[in-house]
Amino acid sequence: VFEQQRYYEHWVHYAEFACPTGMAMQVLTAMFGASSHDGCSADSAQQLVTDACDGRTECSLRLDLSVFGDPCPYIHKYLQVSYLCVPTGTPARYTYIGCYVKESNDIPILPSLEGTDDRLDGNLWTGPRSDPVEK
């Protein structure tokens with residue numbers, strides 16, 4: 001389950017994230033700042049959110065400049081987090097997932113999953129294998 005939530009620091013004091021029962025969060029992206037202004041993004045946001053929320057069913061973060069810093073004074077900022085809810089106990093984090101496309105009689109088919117996880121074939125840096133194994 002993919003989730004994306006945005007909390008404005010001048011409207012709320014805490015950002016709360018949650019997954020359904022039996023699922024845990026895998027943080028994909030986190031940004032604290034204002035994307036409409038160049039350079040208005042706290043460098044610490046990704047690590048802070050990942051440390052607080054990864055692997056948990058729910059988490060709460062205080063939206064405060066003392067936590068994230070102030071990447072752009074006098075501009076209203078927000079925390080935007082994208083995460084997956086995965087079954088509890090999922091051992092690996094997916095940093096890249098794609099599909100290997102094989103042509104068969106001019107009909108594209110998707111026989112396998114590619115990615116950087118050890119359980120998948122292929123690799124983000126070297127490209128998909130020429131002989132992927134169907135998973």
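Just so you know, residue 1 is the first one in the sequence shown, and it goes up from there.
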Checklist entry - Can you name the closest pair of heavy atoms from Q46 and A30 and give their distance? => result OE1-N, 2.9 Å
Next on the checklist: Using every non-hydrogen atom in the two residues, find where V27 and C53 come nearest and quote the distance to one decimal.
Outcome noted: CG2-CB, 4.1 Å
Item to check | Minimum-distance pair of heavy atoms, taken over all atoms of E16 and Y7 | outcome: O-OH, 2.6 Å
Between side-chain atoms of residues 57-73 and protein atoms elsewhere (two or more places apart, or another chain), which donor-acceptor pairs fall under 3.5 Å?
{"from": "T57", "atom 1": "OG1", "to": "M23", "atom 2": "O", "distance (Å)": "3.2"}
{"from": "D64", "atom 1": "OD1", "to": "S66", "atom 2": "N", "distance (Å)": "2.7"}
{"from": "D64", "atom 1": "OD1", "to": "S66", "atom 2": "OG", "distance (Å)": "2.6"}
{"from": "D70", "atom 1": "OD1", "to": "C72", "atom 2": "N", "distance (Å)": "3.4"}
{"from": "D70", "atom 1": "OD1", "to": "K77", "atom 2": "NZ", "distance (Å)": "3.1"}

Next on the checklist: Working to the nearest 0.5 angstrom, can you tell me the gap between I75 CD1 and H37 NE2?
Outcome noted: 3.5 Å
Next on the checklist: Are the side chains of F17 and M25 in contact, using a 4.5 Å heavy-atom criterion?
Outcome noted: yes
Checklist entry - Who pairs with H76 by side-chain hydrogen bond (donor to acceptor under 3.5 Å, both in side chains), at least two apart in sequence or on another chain? => result H10
Checklist outcome for this item: OH (Y83) and SG (C19) are apart, to the nearest 0.5 Å, by 5.5 Å
Next on the checklist: What's the separation between atom CG in L28 and atom CZ in F2, rounded to the nearest 0.5 Å?
Outcome noted: 6.5 Å
Checklist entry - Are V1 and V86 connected, step by step, through hydrophobic side chains (Ile, Leu, Val, Met, Phe, Trp, Tyr) whose heavy atoms are closer than 4.5 Å? => result no
Checklist entry - More than 12 non-hydrogen atoms from neighbouring residues, nucleotides or ligands closer than 6.0 Å to CG on D51, yes or no? => result yes
Item to check | Contacts of type side-chain hydrogen bond (donor to acceptor under 3.5 Å, both in side chains), residue T29, not counting sequence neighbours | outcome: S82
Next on the checklist: When you compare the side chain of D54 with that of V49, does any pair of heavy atoms fall below 4.5 Å?
Outcome noted: no
Checklist entry - Any side-chain heavy atom of Q5 within less than 4.5 Å of one from V81? => result no
Checklist entry - By side-chain hydrogen bond (donor to acceptor under 3.5 Å, both in side chains), which residues pair with E3, not counting sequence neighbours? => result none
Checklist entry - Could you give the distance from CD (Q4) to CG (L84), rounded to the nearest 0.5 Å? => result 11.5 Å
Checklist entry - Does Q80 reach the side chain of F32, with side-chain heavy atoms less than 4.5 Å apart? => result no
Checklist entry - Is there side-chain contact between C85 and P20, with at least one heavy-atom pair below 4.5 Å? => result yes
Next on the checklist: Going by side-chain hydrogen bond (donor to acceptor under 3.5 Å, both in side chains), name the residues that satisfy it together with E9, two or more places apart in sequence or in a different chain.
Outcome noted: none
Item to check | Partner residues of S36 under the side chain to side chain contact (heavy atoms under 4.5 Å, CB included) criterion, sequence neighbours left out | outcome: A34
